[in-house]
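These notes concern the structure reproduced below.
A, B, ... follow the sequence lines: proteins, then strands. Residue 1 opens every chain.
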Number of protein chains: 2
Amino acid sequence: MTSNAGRALAHPSREEIRVEGVLHALSDPIRLRIVRQLAHDADELACSRFDLPVSKSTSTHHFRVLRESGVIQQFYRGTAKLSGLRTDDLDTLFPGLLDSVLGAADLQAKRLAADARTDAPETAGLQG
Amino acid sequence: MTSNAGRALAHPSREEIRVEGVLHALSDPIRLRIVRQLAHDADELACSRFDLPVSKSTSTHHFRVLRESGVIQQFYRGTAKLSGLRTDDLDTLFPGLLDSVLGAADLQAKRLAADARTDAPETAGLQG
DNA sequence: CCCATTGTACGAGAGCTGTCGTAATTCTAC
DNA sequence: GTAGAATTACGACAGCTCTCGTACAATGGG
């Protein structure tokens, strides 16, 4: 069998996605980071392409939370598992939600980076 | 003393508000309900005006989570504690986030209500 | 002062969450 | 078939979360 259908992954249907679950999935820093990378870098990435500060087991856990809450879809291709945002489903169910969360995360990242630049040089003197 | 200053409540400053914390605060059904009621019914409501399906202790807990994450502000007036959304701070930090979450919650509420109407009368529990 | 109203604090318990390490599974390449 | 790479599954653990009940504090009116 050359098909990848042997390993099917459970996804919630569009109707089963709940806004509370989506918000909860996005409220973890690691998962938010995954989603931001998916949104910015590519539509579909293998899990191994993410450089996360946790073990593989923990990564698997976070990807599963994202998938089971309806934020991402996953499928196998060879030994790799590719992940992509369920942009269409989310935009249909909750228009603008994903974009504003991603925008908020970007703004916060910029703000925190700027804070670090203004804080550090004076006191600590350590910079990247 | 007629002042209400005796009981001060700790709030995060605008700069301390984190998007992960806001999303986590909004990911609980009870808290999302509180926020929706604050957004729709009034700008400032006493805690006792919320008809929540939990005990007073639990309500206090949820209001504290919302306050400490920066979603709401609270102050005392007499024996009452009034709560209001920090709309300005949130809109400045995360433009559009609060609105899209509230919109998503409204859409989902309508959708679930419609599903219940089409599910129940016809088959009374059997669905494809 | 006493009391009703309103909300807090504290302690507790059940359950979920994030994390890890190790063992197992699936696919590709030889 | 064998080896290797990518990922999952399982069991375990500490910590957090949601919930409650009871006891306590602050305000306003008699």
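OP1 or OP2 of D/dT19 sits under 4.0 Å from a side-chain N or O of B/H62. Look at B/T58 and you won't find any side-chain N or O under 4.0 angstrom from OP1 or OP2 of D/dT19. At the phosphate of D/dC18, OP1 or OP2 sits under 4.0 Å from a side-chain N or O atom of B/R31. In this structure, B/R64 reaches the C/dA9 phosphate: one of its side-chain N or O atoms is under 4.0 Å from OP1 or OP2.
Rounded to whole Å, atom P of C/dC20 lies 11 Å from atom CG of A/L52. One can place CD of A/E68 at 13 Å from C1' of D/dA9, the figure rounded to the nearest angstrom. Computed from coordinates, the B/F63 CZ to C/dT6 C1' distance equals 13 Å when rounded to whole Å. One can place NZ of A/K56 at 15 Å from P of C/dA23, the figure rounded to the nearest angstrom. Distance A/F75 CZ to D/dA6 P: 17 Å, rounded to the nearest Å. Computed from coordinates, the B/H24 NE2 to C/dG18 C1' distance equals 12 Å when rounded to whole Å. Rounded to an integer number of Å, the gap from CG of B/L66 to C1' of D/dT17 is 14 Å. In this structure, A/H61 atom NE2 and C/dC16 atom P are separated by 13 Å, rounded to whole Å.
Taking the side chain as every heavy atom from C-beta outward, B/I30 and B/L52 approach each other to under 4.5 Å. Side-chain contact check for B/V101 versus B/L32: some heavy-atom pair is nearer than 4.5 Å.
Side-chain N or O atoms of B/R111 include one that pairs as donor or acceptor with a backbone N or O of A/E15 at under 3.5 Å.
Across D/dT7, C/dC20, C/dT17, the shortest atom-to-atom separation from the side chain of A/A80 is found for D/dT7. The listed nucleotides are D/dC20, D/dA6, D/dC18; the one nearest the side chain of B/D28 is D/dC18.
Counting non-hydrogen atoms of neighbouring residues, nucleotides and ligands closer than 6.0 angstrom, the CZ atom of B/R36 exceeds 12 such neighbours. The number of heavy atoms from other shown groups lying within 6.0 Å of CG (B/D41) is above 12.
With hydrogens and angles ignored, a donor-acceptor pair closer than 3.5 Å exists between the side chain of B/S57 and the base of D/dG21.
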